[in-house]
S.K.: 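First, the structure itself, so that you have it in front of you.
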Amino acid sequence: MWRGGVREWGPVHTSEFDGPRAAWPINAALARLGLTHPRPGGPEHDDLFAAVGLGRARDEEDWRRTALKASGAVDYDAWYAAEQAARASREREAADRALSERLPGVPAALDGKQVIALLGIPPGRAVGAAVRHLQQLHLDHGPLSREAAESALLAWAASRDGRRLDADDHRGPVQSEPT
């Protein structure tokens, strides 16, 4: 293991893994890097390699792929920060997508075509978000009449902080006709 251009530890080679897992070379190297077990005093069968998530990829090809992704990082902290930011971004994107997806098995008082006609928006994520809003109203307040659904949907559209409803559509904004 190298730190600051100086060999700090190793190399260590072994083919016998019969001692405590904390003494295995990879776990010892990770401990020297400052990684600690997330559950101090955890069971003997736990190992630091798996505890920090490296156990998800236990073959050379997976490690090579991970190393290539991390090759541009200045150090571990920079790589870890980038990985956390990417994970957070993926989670936000999934949450955003979920807002515009229908809830399975939950009826909506208006379908997508009716929403498009009522709000004057193109097909896209905004229509899904509107239908999802109607489904949530159904869950919260029970079935809505068509009139109540239209009124609620118009109020919802007006309350979107002045954002155009088509702004969530990845295909771009709607071109308005000259007046």
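Hydrogens, waters and symmetry mates play no part in the numbers below; they use all other heavy atoms, side chains included.
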S.K.: Identify the heavy atoms of L110 and V115 that sit nearest to each other, and give their distance.
M.R.: CB-CG2, 4.2 Å
S.K.: Mind listing the closest non-hydrogen atom pair of P107 and G105 along with its distance?
M.R.: CD-O, 3.7 Å
S.K.: Check whether W156 and L154 end up in the same hydrophobic cluster, where Ile, Leu, Val, Met, Phe, Trp and Tyr are linked by side-chain heavy atoms less than 4.5 Å apart.
M.R.: yes
S.K.: So, taking the atom named CG in L103 and the one named CZ in R132, what distance separates them when rounded to the nearest 0.5 Å?
M.R.: 4.0 Å
S.K.: Considering only NZ, NE, NH1 and NH2 on the basic side and carboxylate oxygens on the acidic side, decide whether E150 and R146 come within less than 4.0 Å.
M.R.: yes
S.K.: Starting at CG of L153, measure out to CG of L119 and round the result to the nearest 0.5 Å.
M.R.: 4.5 Å
S.K.: Kindly compute the distance separating NE2 (H138) from NE2 (H133), expressed to the nearest 0.5 Å.
M.R.: 14.0 Å
S.K.: Where the side chain of Q84 meets the backbone of A81, is there a donor-acceptor pair that is under 3.5 Å apart?
M.R.: no
S.K.: Locate the shortest heavy-atom distance separating S145 from A109; write the atom from each residue and the value.
M.R.: O-CB, 4.3 Å
S.K.: Measure across L134 and A108 and return the closest heavy-atom pair with its distance rounded to 0.1 Å.
M.R.: CB-CB, 4.1 Å
